[in-house]
Amino acid sequence: MQIEVPREFERLGAVRIYGLQKVYELDAGPAMTEPGRDDAIVRSLPAEAIYEVQREMAIVVPVRSERLKLIEGVLVGIPNPCLVIVVSNSPREPIDRHFLEQDSIADFCRFSRKQIMVVHQKDPVVAAAFAAGGYGDVLDDLGLVRDGKAEGMMIGTVLAKMLGKRYVGFVDSDNYFPGAVNEYVREYAAGFLLNGGKDTVVRISWHSKPKIVEQSLFFAKWGRSSRRCNRALNQLLSHYTGFETEIVKTGNAGEHAISLDLAMSMRYATGYSVEPYHYIDLLEQYGGVFPTEHGDMRRLVRICQIESRNPHLHADKGDAHVAEMIIGSLATIYHSRLCPASLQKKIDTELRQGGYLKDGETLPPVRIYPSLAGLAMDRFAASAQEIVERRLGAPPLARPMVS
Ligand code: GDD
Ligand code: MG
């Protein structure tokens with residue numbers, strides 16, 4: 001891959017947020033014997049180096065009631081070296097949708113000669129493993145893992161850790177373009193390669209989201225939620241640095257990847273608040289404004305933002321869903337210890353003007369889970385072994401080397 005070196009960054013304490021990086025070639029070919037392009041503007045990352053990183057990467061695919069064809073398309077797009085972990089929260093009755101998912105993924109595994117881990121969020125074995133690891137926070141009154149995308153991501157992250165991976169990436173299962181998925185995962189690897197792999201977050205800013213406007217195809221850049229979330233995060237940063245900034249372009253990027261040790265030390269916000277909250281957690285823990293609770297200030301945490309080239313097309317879930325996302329993401333910023341009263345007022349006004357908050361209503365706080373560092377991995381792993389053994393698909397074929 002040929003990728004631009006970031007031109008700027010904003011720093012708060014030990015957190016560096018790099019400016020958006022453009023991709024100039026999705027595949028830059030193999031390593032050359034002649035030195036490749038490696039100047040101060042664009043870095044050339046050979047295909048082998050990208051694969052090496054992907055070998056150490058788990059890709060978690062959260063699913064809730066998506067069309068089977070879409071899920072299959074996403075699986076097709078994930079590069080071969082990655083371990084795939086599908087975490088589903090699809091209903092099991094009246095129709096057992098999860099059974100249908102397993103059946104279709106097993107078929108995919110048969111044709112592709114791949115192994116895929118498929119886990120159900122409400123599997124009592126998963127809940128028991130969290131309980132055994134002393135991390136009951138993620139369990140509900142019935143003793144099962146709570147609903148929510150973040151909760152599914154947490155299951156995937158812990159399984160990736162258990163299986164010895166170094167990086168964890170996430171791709172939504174409702175993506176219409178397998179090629180876009182393939183690109184995101186390459187870009188995750190590129191982000192880790194450029195930043196040394198440790199304590200790094202790679203977030204994708206979609207190039208565009210095509211939609212029909214006045215009977216023509218229009219390639220929109222920002223969604224209703226991302227626009228607001230980015231603006232609020234930038235205002236938060238500006239408050240502390242004293243310089244106005246627009247550096248944050250990926251406030252609620254669902255497509256992102258994290259160095260696993262960092263992911264295991266972070267806190268998670270429930271549901272769709274998870275992505276903006278990752279910014280908040282990193283800034284609270286490593287920003288140097290408050291003493292860190294679970295972070296290590298000797299870490300240099302890098303947030304790398306890459307602009308993908310493929311358009312992003314996913315299932316349309318309606319206005320109420322977007323409203324939920326806007327409220328959830330702005331709530332993480334509003335309720336942060338870092339958020340000054342002036343920004344709280346702006347957020348409150350914006351939500352009222354947009355009709356997201358009515359008179360007399362206040363912005364409710366979102367559920368925050370403590371750092372996953374509090375989970376005893378050895379006890380989780382002993383309890384979750386059964387899930388790992390239930391992997392779908394045959395062992396992969398030994399791939400012949402092409403000389
Ligand atoms: N395991 C699991 N559990 N997966 C879930 C759950 C759940 O409770 N709820 C939703 N998902 C899956 C969906 O099936 C989908 O693959 C993915 O999580 C994202 O959910 P969507 O409902 O499609 O969200 P979105 O497309 O509106 O928002 C996405 O993009 C935003 C940025 O624009 C999400 O990735 C957001 O988190 C992100 O902020
Ligand atoms: Mg979606």
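Residues take their numbers from the sequence shown, with the count starting at 1. Whatever order the structure lists ligands and atoms in, that order sets their numbers, starting from 1.
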- Message: Would A253 count as a polar contact of ligand 1, with the cut-off being nitrogen or oxygen pairs under 3.5 Å?
- Response: no
- Considering only non-hydrogen protein atoms, determine which one is nearest to atom 27 (O) of ligand 1 and report residue, atom name and distance to 0.1 Å. H321 NE2, 2.5 Å
- Note on the structure: Only one of D174, L70, D172, V86 passes side chain to side chain contact (heavy atoms under 4.5 Å, CB included) with V63, and that residue is V86
- Query: Taking heavy atoms and a distance under 4.0 Å, where does E255 meet ligand 1: side chain, backbone, both or neither?
  - Reply: neither
- Item | Side-chain ion pair, K165 and E56, N-O less than 4.0 Å | no
- Using 4.0 Å as the upper bound for N to carboxylate O, is an ion pair formed by R166 and D261? no
- Item | Parallel, tilted or perpendicular: rings of H256 and F170 (30°, 60°) | tilted
- Query: For atom 37 (O) of ligand 1, what's the nearest protein heavy atom and its distance?
  - Reply: E275 OE1, 2.7 Å
- Item | Whether W206 lies under 4.0 Å from ligand 1, heavy atom | yes
- Query: Any N/O of G148 closer than 3.5 Å to an N/O of ligand 1?
  - Reply: yes
- Query: Salt bridge or not for E284 and R267, using N-O below 4.0 Å?
  - Reply: yes
- Message: Between ligand 1 and N89, is the shortest N or O to N or O distance under 3.5 Å?
- Response: yes
- Task: Give yes or no for whether the N/O distance cutoff of 3.5 Å, strictly under, is met between P62 and ligand 1.
- Result: yes
- For ligand 1, which atoms have a heavy atom of E66 less than 4.0 angstrom away? 13 (C), 14 (O), 15 (C), 16 (O)
- Under 4.0 Å between a Lys/Arg side-chain N and an Asp/Glu carboxylate O for R390 and E386? yes
- Near S173 (heavy-atom distance under 4.0 Å), the atoms of ligand 1 are 14 (O), 15 (C), 16 (O)
- for atom 30 (O) of ligand 1, nearest protein heavy atom and its distance come out as D172 OD2, 3.9 Å
- Note on the structure: Nearest heavy atom to atom 3 (N) of ligand 1, choosing from R67, R64, Q121, belongs to Q121
- Query: Are E275 and K149 ion-paired here, with the side-chain N under 4.0 Å from a carboxylate O?
  - Reply: yes
- Task: Please write down residue, atom name and distance for the protein heavy atom closest to atom 31 (C) of ligand 1.
- Result: N252 O, 3.5 Å
- Message: Heavy-atom distances under 4.0 Å decide this one: backbone, side chain, both or neither, for E151 against ligand 1?
- Response: neither
- Item | Pair E8 + R16, salt bridge at N-O below 4.0 Å | no
- If you measure from the Lys or Arg side-chain nitrogens to the Asp or Glu carboxylate oxygens, is any gap between R110 and D107 under 4.0 Å? yes
- Heavy atoms only: give me the nearest A315-Y176 pair and the separation to one decimal. N-CE1, 3.7 Å
- Query: Is there a nitrogen or oxygen of G254 sitting under 3.5 Å from a nitrogen or oxygen of ligand 1?
  - Reply: no
- Query: Do R299 and S265 have side-chain N/O donor and acceptor atoms under 3.5 Å apart?
  - Reply: yes
- Note on the structure: Listed as residue and atom, the protein N/O/S atoms under 2.8 Å from the Mg ion (ligand 2) are D174 OD2, H314 ND1
- Please write down residue, atom name and distance for the protein heavy atom closest to atom 28 (O) of ligand 1. M325 CE, 3.3 Å
- Proximity flag A315 to ligand 1, non-hydrogen atoms under 4.0 Å: no
- Who's the nearest protein heavy-atom neighbour of atom 23 (O) of ligand 1, and how far? K317 NZ, 2.5 Å
- Taking Q305 for its side chain and K249 for its backbone only, find out whether a donor-acceptor pair lies under 3.5 Å. yes
- Assign the ring pair Y135 / F130 to parallel, tilted or perpendicular, where the plane angle (0 to 90°) is split at 30° and 60°. tilted
- Can a salt bridge be assigned to the pair D147 and R64 using a cut-off of 4.0 Å between side-chain N and carboxylate O? no
- Message: Among all protein heavy atoms in this structure, tell me which lies nearest to atom 10 (C) of ligand 1, with the distance rounded to 0.1 Å.
- Response: Y272 OH, 3.4 Å
- Message: Tell me whether E52 is salt-bridged to R55, with the criterion being a basic N under 4.0 Å from an acidic carboxylate O.
- Response: yes
